Structures are given as C-alpha cells and as structure tokens.
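Counting from 1, the numbers follow the sequence of the chain as shown. The structure displayed is predicted, hence computed values, not measured ones. Atoms considered below: every heavy atom in the structure, side chains included; atoms not considered: hydrogens, waters and symmetry mates.
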Amino acid sequence: MKLHHFSIRAADIFRSIAFYEGLGFAIEERFTTGMTLACWMVGPWGRLELLQVPEPHPAPDPFGDPHYVGYYHPSIEIGSEWGSLSAYLERLQARVPLQILLSPHPQQIGPQTYQVAFIADPDGLPIELLYPQGSPEMEQG
C-alpha cells in the first residue's frame with residue numbers, strides 16, 4: 001500500500017495552482033469531477049489533488065482554533081540548500097502571495113532542533129515548514 005494523493009478543496013483552483021507551483025508542485029493531470037474543475041499536481045509531498053468548490057463557504061480555522069479536530073496540516077522539510085528557513089520564506093514570498101501564520105522559531109523535537117514556521121495556502125490551510133538545525137549531540141561534538 002502507498003499514499004496515492006491528498007486532496008484540497010479550493011475556492012479558486014487557479015489561485016491555488018499558482019500557490020502550490022510556488023511550493024514546487026507541477027500539474028500532472030487536469031480533469032473534471034461532475035461540474036467541478038480538478039487537477040493532480042506532483043511535488044515534494046507526493047501527489048496533491050485540487051478540487052474547485054462551487055459556492056465555497058469559509059473554512060474552519062485549524063491553526064487559530066485550539067478546539068479544532070481533524071486534519072491539521074502537511075509539513076515540508078526545507079533542504080540545506082536554502083541556508084535557512086528565513087531565506088526560503090523570502091524566496092517563496094517573491095513568487096506567491098504569502099500569509100505567515102507563525103514566524104520561524106527554534107523547536108526541539110526529540111534530539112533534533114528545527115526552525116519551524118507556519119504559512120497558509122490561499123484558502124487558509126496551515127502548512128508547516130521545518131528546517132533541521134542539528135541535534136545537541138552534533139553541536140557538542
């Protein structure tokens with residue numbers, strides 16, 4: 001078994017396509033489902049499906065509502081080629097409109113220290129960005 005895709009419902013599929021292209025996704029297939037526009041995109045998380053929602057309603061706020069239950073966020077690990085999470089965010093902000101939900105800050109997860117930030121996609125879906133900084137053992141050695 002393997003993950004085939006994850007799906008995001010979008011208020012404006014073209015705006016969402018542009019955003020996810022900025023994150024490194026590329027359109028694999030365009031199609032319709034019923035009367036709705038849809039596409040598969042491939043990128044750093046595997047395959048993403050975007051579905052246009054006719055007459056969209058405001059989405060719940062999974063990042064801002066501490067009582068929200070359900071799917072929360074995907075997480076992308078940023079490679080060392082960027083030098084820092086801040087440098088990656090600057091590059092991304094030059095390519096797509098960017099809403100930063102949480103600015104980069106250090107977070108210890110097990111033995112690993114990360115710079116962690118959260119951004120939102122055009123419909124408010126939180127996306128976590130992680131940049132590994134090393135472990136305390138590596139920093140001491």
Side-chain angles (χ1 to χ4, degrees), residues 2-141:
K2 68 178 185 176
L3 178 68
H4 184 269
H5 71 269
F6 62 97
S7 184
I8 297 174
R9 292 178 167 192
D12 179 336
I13 195 168
F14 300 106
R15 181 180 67 180
S16 292
I17 287 170
F19 177 83
Y20 285 100
E21 284 175 336
L23 287 177
F25 283 84
I27 292 178
E28 178 183 48
E29 189 71 42
R30 293 176 190 263
F31 57 98
T32 59
T33 174
M35 299 282 293
T36 299
L37 298 173
C39 70
W40 283 342
M41 300 182 82
V42 292
W45 314 332
R47 186 180 289 118
L48 160 67
E49 177 183 62
L50 293 176
L51 298 167
Q52 174 85 25
V53 175
E55 302 178 34
H57 296 275
D61 181 2
F63 189 78
D65 180 356
H67 304 286
Y68 171 82
V69 174
Y71 290 106
Y72 180 38
H73 67 266
S75 182
I76 299 174
E77 185 173 307
I78 306 304
S80 60
E81 67 272 16
W82 295 104
S84 72
L85 183 51
S86 294
Y88 177 78
L89 285 170
E90 286 175 22
R91 174 238 175 220
L92 187 58
Q93 204 154 25
R95 296 181 72 186
V96 296
L98 193 59
Q99 179 186 4
I100 297 176
L101 300 173
L102 183 66
S103 295
H105 68 280
Q107 184 172 345
Q108 186 77 30
I109 302 173
Q112 179 73 45
T113 302
Y114 295 91
Q115 280 289 313
V116 177
F118 276 84
I119 61 172
D121 84 348
D123 293 299
L125 174 68
I127 299 169
E128 181 181 41
L129 303 173
L130 296 170
Y131 183 81
Q133 293 188 297
S135 66
E137 295 82 23
M138 288 172 54
E139 293 168 8
Q140 292 173 3

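Checked against salt bridge (charged side-chain N to carboxylate O under 4.0 Å, His left out), E28 has the following partners two or more places apart in sequence or in another chain: R47. The ring-ring contact (aromatic ring centres under 6.0 Å, His included) test applied to F31 returns W40, not counting sequence neighbours.
Ring centroids of F6 and W45 are separated by less than 6.0 Å, placing the two rings close together.
I17 approaches M41 most closely through the heavy-atom pair O-CE, 3.8 Å. Nearest heavy-atom pair, P74 versus P126, reported as atom, atom and distance to 0.1 Å: CD-O, 3.3 Å. Residue A10 comes nearest to S16 through the heavy atom pair CB-OG, 3.4 Å, listed as atom of the first residue, atom of the second, then distance. Minimum interatomic distance between A87 and S84 (heavy atoms only, all atoms of both residues): N-OG, 3.0 Å.
Partner of I13 under the side chain to side chain contact (heavy atoms under 4.5 Å, CB included) criterion, chosen from T36, L37, L51: L37.
In this structure, E90 contributes its side chain and L92 its backbone to no donor-acceptor pair below 3.5 Å.
Within the 4.5 Å cutoff, no side-chain heavy atoms of L23 are placed close to those of D121. Taking the side chain as every heavy atom from C-beta outward, P132 and Q112 approach each other to under 4.5 Å.
Ring pair Y72/F63 is parallel by interplanar angle, where below 30° counts as parallel and above 60° as perpendicular.
The number of heavy atoms from other shown groups lying within 6.0 Å of CZ (R15) is above 12.
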